[in-house]
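In this chain, residues are counted from 1 in sequence order. Worth saying up front: this structure is predicted, and the values here are computed from it rather than measured.
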Amino acid sequence: MFIEKEIWNKLKKDIGGLYWDNDRMSKDGHYFLKQIDLDIKNIEKNSVKEVYVITNNAIVNDEVIYSVAGVTSSYENAKELFQKEIEKLKEEIDYEYLDAVPYDNENNFDGQVWIYDQNEESYLLYQNGEYNSNNFNITIEKFEIDQYLSLQKEDKEIS
């Protein structure tokens, strides 16, 4: 679970006000207990349950290049980062000079033609006949945080 920093800091402040020292509750302890309860409810209500990861996976001249272009809890932000990463790629490879054609199931492209295929969460650009030498793949991947963390826990328990 991801918690916004200001909410976390408020919780820490309220916990800090709960006690005078390790043995005695402050005279306002009851007030701070209520505040902590509200803080926890606020965290549960506003916690992020999923994140979107924008990845850029490429093979250029037989070398694999993999990077994470961004991580966000907002799908709208993920789409913006995705589009920016596509624009950045096109700028870096002089896309306008490639004469790339859209992927079509019905055509068998002969020769060294650049082909692209795009949907809302994936952009693929590759050179026909040399997929393993020249290809670029930008994607938006969605991860359920609680599910991912429970899988990590299971992996540690098995090890």
Side-chain angles (χ1 to χ4, degrees), residues 1-19 25-26 28-96 98 100-105 114-127 131-159:
M1 167 185 340
F2 288 106
I3 302 169
E4 292 180 24
K5 189 171 183 168
E6 69 180 46
I7 294 172
W8 177 251
N9 288 338
K10 183 170 179 344
L11 177 64
K12 285 178 19 181
K13 178 181 171 249
D14 290 340
I15 289 174
L18 188 58
Y19 294 98
M25 185 176 279
S26 70
D28 297 324
H30 186 67
Y31 165 80
F32 283 112
L33 281 173
K34 283 184 179 180
Q35 289 304 113
I36 291 168
D37 186 49
L38 289 173
D39 291 341
I40 291 171
K41 286 178 183 171
N42 193 20
I43 287 170
E44 289 171 347
K45 183 178 101 182
N46 293 315
S47 66
V48 174
K49 305 263 189 269
E50 57 198 20
V51 292
Y52 300 92
V53 180
I54 297 80
T55 60
N56 188 345
N57 186 4
I59 299 174
V60 181
N61 299 325
D62 298 320
E63 289 192 36
V64 176
I65 303 166
Y66 185 83
S67 64
V68 174
V71 178
T72 180
S73 60
S74 163
Y75 186 66
E76 294 304 315
N77 287 346
K79 289 194 306 189
E80 287 177 27
L81 291 169
F82 174 71
Q83 288 302 322
K84 285 180 183 177
E85 197 64 17
I86 292 171
E87 290 168 16
K88 179 178 160 190
L89 167 68
K90 288 180 176 180
E91 208 173 275
E92 288 175 358
I93 62 171
D94 290 331
Y95 182 80
E96 61 191 61
L98 293 183
V101 295
Y103 175 77
D104 183 353
N105 283 334
W114 283 92
I115 301 166
Y116 71 91
D117 191 17
Q118 181 174 359
N119 60 41
E120 284 188 26
E121 297 179 353
S122 174
Y123 178 82
L124 177 63
L125 174 69
Y126 64 95
Q127 193 171 16
Y131 180 82
N132 290 329
S133 295
N134 294 301
N135 77 71
F136 304 89
N137 190 11
I138 300 169
T139 60
I140 299 175
E141 299 177 45
K142 177 180 169 183
F143 290 94
E144 301 287 333
I145 303 242
D146 294 337
Q147 182 182 11
Y148 180 76
L149 292 175
S150 68
L151 290 174
Q152 295 295 317
K153 185 179 176 184
E154 289 174 14
D155 287 347
K156 286 182 183 177
E157 290 173 355
I158 292 173
S159 304

Closest approach of [X] and [Y], non-hydrogen atoms and distance?
X	Y	value
E120	I140	O-CD1, 3.9 Å
A100	L125	CB-CD1, 4.1 Å
Y52	S73	CE1-O, 3.9 Å

What residues, two or more places apart in sequence or in another chain, satisfy side-chain hydrogen bond (donor to acceptor under 3.5 Å, both in side chains) together with T72?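 Once residues adjacent in sequence are excluded, T72 has no partner under the side-chain hydrogen bond (donor to acceptor under 3.5 Å, both in side chains) criterion.
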side-chain hydrogen bond (donor to acceptor under 3.5 Å, both in side chains) partners of Y95, counting only residues at least two apart: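 Not a single residue meets the side-chain hydrogen bond (donor to acceptor under 3.5 Å, both in side chains) criterion with Y95.
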Distance in Å, [X] [atom1] paired with [Y] [atom2], rounded so as to fall on 0.5 Å steps:
X	Y	atom1	atom2	result
Y66	N57	OH	CG	6.5 Å
Y116	I86	OH	CD1	11.5 Å
L124	N119	CG	CG	10.0 Å
I54	I138	CD1	CD1	10.5 Å

Quick one: do K90 and Y123 satisfy side chain to side chain contact (heavy atoms under 4.5 Å, CB included)? Show the steps, please. CA-CA 11 Å; K90 288 180 176 180; Y123 178 82; 3.5 Å; yes
Name every donor-acceptor pair, under 3.5 Å, that has one atom in a side chain of residues 74-85 and the other anywhere in the protein, sequence neighbours excluded.
residue, atom, partner, partner atom, Å
S74, OG, E76, N, 3.3
S74, OG, N77, N, 3.2
Y75, OH, E121, OE2, 2.9
E85, OE2, N56, ND2, 3.0

Quick one: do F136 and V60 satisfy side chain to side chain contact (heavy atoms under 4.5 Å, CB included)? Show the steps, please. CA-CA 8 Å; F136 304 89; V60 181; 3.6 Å; yes
